[in-house]
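Here is the structure we will look at.
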There are 2 protein chains.
Amino acid sequence: MEKQTITIYDVAREANVSMATVSRVVNGNPNVKPATRKKVLEVIERLDYRPNAVARGLASKKTTTVGVIIPDVTNMFFSSLARGIDDVATMYKYNIILANSDENNQKEVSVLSTLLAKQVDGLIFMGHELTDSIRAEFSRSKTPVVLAGSIDPDEQVGSVNIDYVAAVEEATHQLLESGNKRVALATGSLTHPINGQFRLKGYKQALEKASVAYDESLIFENEPSYQAGLALFGKLQKVGATAVIAGDDELAVGILDGALDKGVKVPDDFEIITSNNTKLTEMTRPQLTSIDQPLYDIGAVAMRLLTKMMNKEEIEEKTVMLGFDILKRGSTK
Amino acid sequence: MEKQTITIYDVAREANVSMATVSRVVNGNPNVKPATRKKVLEVIERLDYRPNAVARGLASKKTTTVGVIIPDVTNMFFSSLARGIDDVATMYKYNIILANSDENNQKEVSVLSTLLAKQVDGLIFMGHELTDSIRAEFSRSKTPVVLAGSIDPDEQVGSVNIDYVAAVEEATHQLLESGNKRVALATGSLTHPINGQFRLKGYKQALEKASVAYDESLIFENEPSYQAGLALFGKLQKVGATAVIAGDDELAVGILDGALDKGVKVPDDFEIITSNNTKLTEMTRPQLTSIDQPLYDIGAVAMRLLTKMMNKEEIEEKTVMLGFDILKRGSTK
DNA sequence: CTGTTAGCGCCTTCAC
DNA sequence: GTGAAGGCGCTAACAG
């Protein structure tokens, strides 16, 4: 009645060879005479044998699974990355253990701990802040880690991203150029380096080059959600902003709808540039101009980088920066 | 230099007890004297010991991980389900191995096979068709399976869904009621039972009750994508449809934008009811009227059901049907 | 090319 | 309440 498993031992017996030989053919070891290989394969087929990956993992100390910590699969930005990660993982015969963290430090630490207990061969971390507790867990195990779609100022772990400074600088520049005097910046928490350091820096640089004074009241910290965007538009109007750079597409759609709902014309009376170029940017009317981060590729490259690290290959540069563009659509003039 | 792991054996030695005792305290077995428990816990803390889940899995034949086969994480419908699944899984100390299948039979079979090899304790399958090869894999292993957000006409495996027949019947009814003579139905492949059997049936029943003749030219098979929707609107116009029921929200948004782009007024000149009530339905202008499937809950309940099955608890009913509503928004009169 | 022999780290009877 | 011992199914030297 129990899931009667047939083991490598059964196959060995039936095929009149040793377990070692069976193991060899299963693992594609060339040191097997074609004839015996054929015989073994035949028995495997007949018995419908399937290697037990757990046992294999224990013996070989490799699980061929990697842990992926994601803030929220439900957010297109992250799910797009995740898709790239999974596809490349599959390509390299890895599986993904996916865990949502809501960027909640406690959850992150807890999930990281169980992932490590499960002996994942590597980790991909999405999330914009590497707290000390997370860093501690990382270094405590020697498991390779890659950050996808974010950046670690200390460059202690691998990371795949774009040049956030340059991207936001360029976006700000365009908005300034088209005549906006007051361009707002709406990102997530400024305690996250990607926002507080990089994006903000790009924003300030653009202002400076245009000789526009920096005004802190134009900086907004928000959740990456549609609701937050909807609520934000009013505040944006209040401070006299005529354009905004949003750090998240859902947030941007919220801002757009907030404007539309008040009868404000986009882009005529208000311009928006968003940051992630997810599918969402094409679904609105007008469509959203966006920084074009190659999301899928960021995930894919991150996973590829991780495979190299797991494979102990030589890594030229563990921080890889992909190219970006500003994709002009209807939300800007 | 190697990831020097400390094992249960080290803890046992340091604490002057046997491995068995350590195992007991780690697993919360009550048969341990408080004093020794305390001592062991202390050593565990000091040595920073973390049980190896792989070894545990081999010995106990339980991995506390479940496999989740998802067509595409990038689609809000599925990612919403996935979120519900993961949250409940976490609650019950399970982890999720997530694998994208694109509803491609070959990928499904292949991934299912590796999931089974990894000894997952259970499986959640999202996808609208249980092909024979999938069924074969399912029954070949005795691993519990639950379908989330779809339905198996044969009810061989567990499933959590809503009453698709009633939902589409109601939606069709409303559209007919508001004066539409030609209501189209745009779903995924009709070979999928959820479409070809259930949704179509609800559609036909509504027509019948309203004494409207069934016209096959009003039935459309589409990919669940924005692009497909965009392209579809033209065809909808061509067959003289004035309203549509879409089986997927991205598809619906595409149809909406297709209409808007041609200057067709929604809902005045064209009405739309979509099926999944994902976040997307709120993001458009007008917002989309939708069948309100409790996506997160479907995922959550599916996972909960699976935990019961893995736990060999008595299951009253392995097909659970959740309630639904029609959420009226701006895309209908 | 193939077989033998140890483990991998932990759980689980079965005694004591 | 605690210890000893035998696996779980497979890989990895090491012989031959």
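Chain letters run A, B, ... following the sequence lines, proteins first and then strands; every chain starts at 1. Since this is a predicted model, take the numbers as computed values, not measurements.
- Checked by atom type, the side-chain pair A:Thr65/A:Lys118 shows no donor-acceptor distance below 3.5 Å.
- For the pair B:Val157/B:Leu130, a side-chain contact is recorded, criterion being any heavy-atom separation below 4.5 Å from C-beta on.
- Taking only side-chain nitrogens and oxygens, A:Arg56 never comes nearer than 4.0 Å to OP1 or OP2 of D:dG9.
- On a pure distance criterion of 3.5 Å, a polar donor-acceptor pair joins the side chain of B:Arg24 and the base of D:dG3.
- The separation between B:Arg13 atom CZ and C:dG9 atom P is 13 Å, rounded to whole Å.
- Look at B:Thr7 and you won't find any side-chain N or O under 4.0 angstrom from OP1 or OP2 of C:dG9.
- Residue contacts shown for A:Val17 are limited to sugar-phosphate atoms, with no base heavy atom under 4.0 Å away.
- The side chain of A:Asn27 contributes an N or O atom lying less than 4.0 Å from OP1 or OP2 of D:dT11.
- Closest to the A:Thr21 side chain, of the nucleotides C:dG3, C:dG9, D:dC8, is C:dG3.
- Checking C:dC1, D:dC10, D:dT2 against every side-chain atom of A:Lys33, the shortest atom distance belongs to C:dC1.
- If you measure from atom NZ of A:Lys38 to atom P of C:dC1, you get 17 Å, rounded to the nearest angstrom.
- If you find the closest nucleotide of DNA chain D to B:Thr36 and to B:Met19, the one lying nearer the 5' end belongs to B:Thr36.
- A:Asn52 has no side-chain polar atom (N or O) that falls below the 4.0 Å cut-off from OP1 or OP2 of D:dC10.
- Side-chain proximity of A:Lys61 to C:dC11, D:dG9, C:dC8: nearest is C:dC8.
- What separates OH of A:Tyr9 from P of D:dC10 is a distance of 13 Å, to the nearest Å.
- For B:Val32, taking side-chain heavy atoms from C-beta onward, the closest of the listed nucleotides C:dT4, D:dT11, D:dT2 is D:dT2.
- The environment of CD in B:Glu316 is crowded: more than 12 heavy-atom neighbours from other residues, nucleotides or ligands sit within 6.0 Å.
- Aromatic ring pairs are classed by plane angle as parallel below 30°, tilted from 30° to 60° and perpendicular above 60°; the pair A:Phe125 and A:Phe138 is perpendicular.
- Comparing D:dG3, D:dG9, D:dA13 by their closest approach to the side chain of A:Ala20 singles out D:dA13.
- Across D:dG9, C:dC10, D:dG3, the shortest atom-to-atom separation from the side chain of B:Ser18 is found for D:dG3.
- One distance of note links CD1 of B:Ile151 with CD1 of B:Ile194; it measures 7.5 Å at 0.5 Å rounding.
- The B:Ala59 side chain lies nearest to D:dC8 when the options are C:dT12, D:dT2, D:dC8.
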